[in-house]
Asker: 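Can you keep this structure in mind? I'll have questions shortly.
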Amino acid sequence: MAIDVATVRKVARLARIAEPEDRLESLASELNGIMAWIEQLSEVNTDGVEPMTSAVEQPLPMRDDVVTEGGDPRLVLANAPKSKDNFFVVPKVVE
Amino acid sequence: MTETADKLIQGRTGPWEIVLGLEIHAQVASKAKLFSGAAVGFGAGPNEQVSLVDAAMPGMLPVINRFCVEQAVRAGLGLNAQINLKSRFDRKNYFYPDLPQGYQISQFKDPIVGEGEVEVERDDGSTFVVGVERLHLEQDAGKSLHDQDPNATYVDLNRAGTALMEIVSRPDMRCAEEAAAYVKKIRTILRYIGACDGDMEKGNLRADVNVSVRRPGAELGTRCEIKNVNSYRHIQQAIEYEARRQVEIIEDGGKIDQETRLFDSGKLETRSMRSKEEAHDYRYFPDPDLLPLILDADWVEQIKKSLPELPDAKKKRLQGQYGLSAYDAGVMIIESARADYFESAVAALKAAGGSDAKLVANYVTNELLQRLSADGHEIDASPIPAADIAGLVKLREDGVVSSKIAKEVFDHMWAGEGAPYQIVETHGLKQESDTGALEGIIAALIAANPAQADAVKEKPQAIGWFVGQVMKATGGKANPGSVNEILKAKLGI
């Protein structure tokens, strides 16, 4: 699977990573190298094998429906660059 | 309504068919959030109900709430849908200030509930079936406030991480009324099983509506998605506006762009929300923080056994057991509390020796529920206890009051004056069956109106005039049976 400059530009934009235009070409080539390396996996025959999304063979642990956290806005806002009246304050979002 | 032709909209170039599919977001009625122990609730101060998981602090891991899983299974069973014993969670990636994780945990590929279907009733009593494509669990986002500051957006994460069930329908609806009826039915089912309180004013149940138009029977057109419509009325208004807008564009030679739109309830129109074509590129992938969700088949079976009687079954039973019409039964099952009220009134009536369940249903639907809904209330706000409805019906059955007087008694009951028999006593509303008194009144009437009396002898139907006069003279309290009997005897017919 070949990754071209347009794909790199799009992925960078979706991930909100600023990449200067003159870096895109080399990034594309680096990413193609990584993809080629991963491609080796397709040499293994996986017919009839269920896709694995976790290396841990155990069911999802569950919690009871009990309130155990919250009630402390200061803790939540502790690292916020800006806050007011217990709200996070961020640059204006225009819809 | 039921005929396809009635649902078409007329354009300049001919008829168009509307095709509608809905995504309903129903908030799970849990105490804590889907993946954290922070409280779910309405009206708390900003960021009061936020855990470090909800705020997406580094190193925090989600742990799923068993109750939320159970409610999704209950909802799935209520929708006659397939329960997937193995499902998993995916990340839906997008950036927005009220989504601190940078992704929403949702179920994309393997949802907890698969295909199902619901039977929906139109206002005229006819029914149609809507296919359910899936139901999955996902997190809600936080809330952005844009009006606090001209240069900044305020973010409250209280809602972030709240469990939602997204119910995706097939594009099986063809007009705004059908879409509203479908949402009503889903709401009723969810309330019956207790998975969601259905409070649309608080946004606990809201719908995204997919609208497209096509020539009748043609291929599906390009659809637009109208986001977050949160009342039946707005759903209908949004659909009507949007369908018209699309027809005009196509008839003017244009084409519909697939996009997300917003309904403006003030201007009654929809407008484009974000035209970013990349907005739909969510790059879903399995969430590495969460293992597959495996359900125990026995647990699902237990949940199934614990379900209450569901609306469709209750409707059939009310029709069969009490002889209610499909319409009355349909009104009665919209809230399970209505049916409970009706059934306890019938039980009280039976205990008092009465039997007319249909008459009970009449008073509940035509009088009580109508008056309650005029005030925006439900049956739980009824000022009249169920036993008093039974009391009123018993008075009717015993001939103590006529249907006309019963209405008057009902007015007094509505005003909170107490039990119907007391009201009848206090206001002297008892039907006049005292033949002595009636005979006197009738004799005087005949004597005063000889021409009318002769007319009745010629034409027996003319007796109605005398009945009316007796009712007038007695203030409507005369027993119509007795009046007719005495009249016939005295007039010799």
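Letters A, B, ... mirror the listed sequences (proteins, then strands); counts begin at 1.
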Asker: Let me have the donor-acceptor pairs involving side chains of residues 26-35 of chain B, under 3.5 Å, with sequence neighbours excluded, atom names and distances please.
Answerer:
unit_1 : atom_1 : unit_2 : atom_2 : d
B/S30  : OG     : B/A32  : O      : 2.7
B/K33  : NZ     : B/Q49  : O      : 2.6
B/K33  : NZ     : B/D54  : OD2    : 3.4
B/K33  : NZ     : B/N158 : O      : 2.8
B/K33  : NZ     : B/A160 : O      : 2.9

Asker: Considering only heavy atoms, which portion of B/A55 lies under 4.5 Å from any heavy atom of chain A: side chain, backbone, both, or neither?
Answerer: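 When you check distances to chain A, only side chain atoms of B/A55 fall under 4.5 Å.
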Asker: Contact part of A/P91 toward chain B, heavy-atom cut-off under 4.5 Å: side chain, backbone, both or neither?
Answerer: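 Looking at A/P91, just its backbone touches chain B.
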Asker: May I have the step-by-step check of side chain to side chain contact (heavy atoms under 4.5 Å, CB included) for A/M62 and B/L293, ending in yes or no?
Answerer: CA-CA 9 Å; A/M62 300 197 199; B/L293 176 56; 3.7 Å; yes
Asker: Where does A/V66 contact chain B at under 4.5 Å (heavy atoms): side chain, backbone, both or neither?
Answerer: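 For A/V66, backbone heavy atoms alone lie under 4.5 Å from chain B.
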Asker: Only one of B/V155, B/L157, B/D156, B/T153 forms a side-chain contact (heavy atoms from CB on, under 4.5 Å) with A/F87, so which one is it?
Answerer: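 Testing A/F87 for a side-chain contact (heavy atoms from CB on, under 4.5 Å) against B/V155, B/L157, B/D156, B/T153 leaves exactly one candidate, B/D156.
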Asker: Report which part of B/L145 has an atom under 4.5 Å of a heavy atom belonging to chain A: side chain, backbone, both, or neither.
Answerer: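 B/L145 touches chain A through side-chain heavy atoms alone.
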Asker: Relative to chain A, which of B/S144, B/S51, B/G45 shows the most heavy atom pairs under 4.5 Å?
Answerer: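 Of B/S144, B/S51, B/G45, B/S51 has the most heavy-atom pairs under 4.5 Å with chain A.
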Asker: B/R283 and A/A15: which non-hydrogen atoms are nearest, and at how many Å?
Answerer: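 So the two residues come closest at NH1-N, 4.1 Å.
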Asker: Specify which of B/A44, B/P150, B/C68, B/P288 makes the most heavy-atom pairs with chain A at under 4.5 Å.
Answerer: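 Among B/A44, B/P150, B/C68, B/P288, the one with the most close pairs to chain A is B/P150.
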Asker: With a 4.5 angstrom heavy-atom cut-off, which part of B/D149 approaches chain A: side chain, backbone, both or neither?
Answerer: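 For B/D149, the contact with chain A is made by the backbone alone.
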Asker: Counting neighbours of CD on A/Q58 that are heavy atoms of other residues, nucleotides or ligands and sit closer than 6.0 Å, is the number greater than 12?
Answerer: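 Atom CD in A/Q58 is crowded, with more than 12 foreign heavy atoms closer than 6.0 Å.
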Asker: Under the side-chain hydrogen bond (donor to acceptor under 3.5 Å, both in side chains) rule, what pairs show up with a residue in residues 71-85 of chain A, not counting sequence neighbours?
Answerer: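 Every pair satisfying side-chain hydrogen bond (donor to acceptor under 3.5 Å, both in side chains) with a residue in residues 71-85 of chain A: there are none.
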Asker: Which residues, numbered in order, of residues 99-113 of chain B come under 4.5 angstrom of chain A by heavy-atom distance?
Answerer: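 Residues of residues 99-113 of chain B touching chain A at under 4.5 Å: none.
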Asker: Give a yes or no on this: more than 12 heavy atoms of other residues, nucleotides or ligands lie within 6.0 Å of atom CD of A/E25.
Answerer: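 For A/E25, atom CD is not crowded (no more than 12 foreign heavy atoms under 6.0 Å).
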Asker: To the nearest 0.5 Å, how far apart are CD in A/E69 and CE in B/M60?
Answerer: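 Those atoms lie 8.5 Å apart.
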Asker: Kindly indicate whether the side chain of B/D281, heavy atoms from C-beta on, has any atom under 4.5 Å from the side chain of A/K10.
Answerer: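 The answer is yes, as the side chains (C-beta and beyond) meet within the 4.5 Å cut-off.
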Asker: Under 3.5 Å, is there a donor-acceptor pair between the side chain of A/N86 and the main chain of B/N47?
Answerer: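 No.
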Asker: For A/V67 and B/A38, which heavy atoms make the closest approach, and how far apart are they?
Answerer: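 Nearest heavy atoms, A/V67 then B/A38: CG1-C, 4.4 Å.
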Asker: Does a sphere of radius 6.0 Å around NZ in B/K143 hold more than 12 heavy atoms from other residues, nucleotides or ligands, not counting ones at 6.0 Å or beyond?
Answerer: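 No.
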Asker: Taking side-chain hydrogen bond (donor to acceptor under 3.5 Å, both in side chains) as the definition, give me every residue that meets it alongside A/D64, ordered by chain and number, with sequence neighbours left out.
Answerer: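 For A/D64 the side-chain hydrogen bond (donor to acceptor under 3.5 Å, both in side chains) partners, ignoring immediate neighbours, are B/R66.
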Asker: Can you find a pair of side-chain heavy atoms, one from B/N151 and one from A/K92, that are under 4.5 Å apart?
Answerer: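 Not in contact.
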Asker: Would you call A/L14 and B/N93 a side-chain contact if the rule is heavy atoms closer than 4.5 Å?
Answerer: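 No - every pair of side-chain heavy atoms lies 4.5 Å or more apart.
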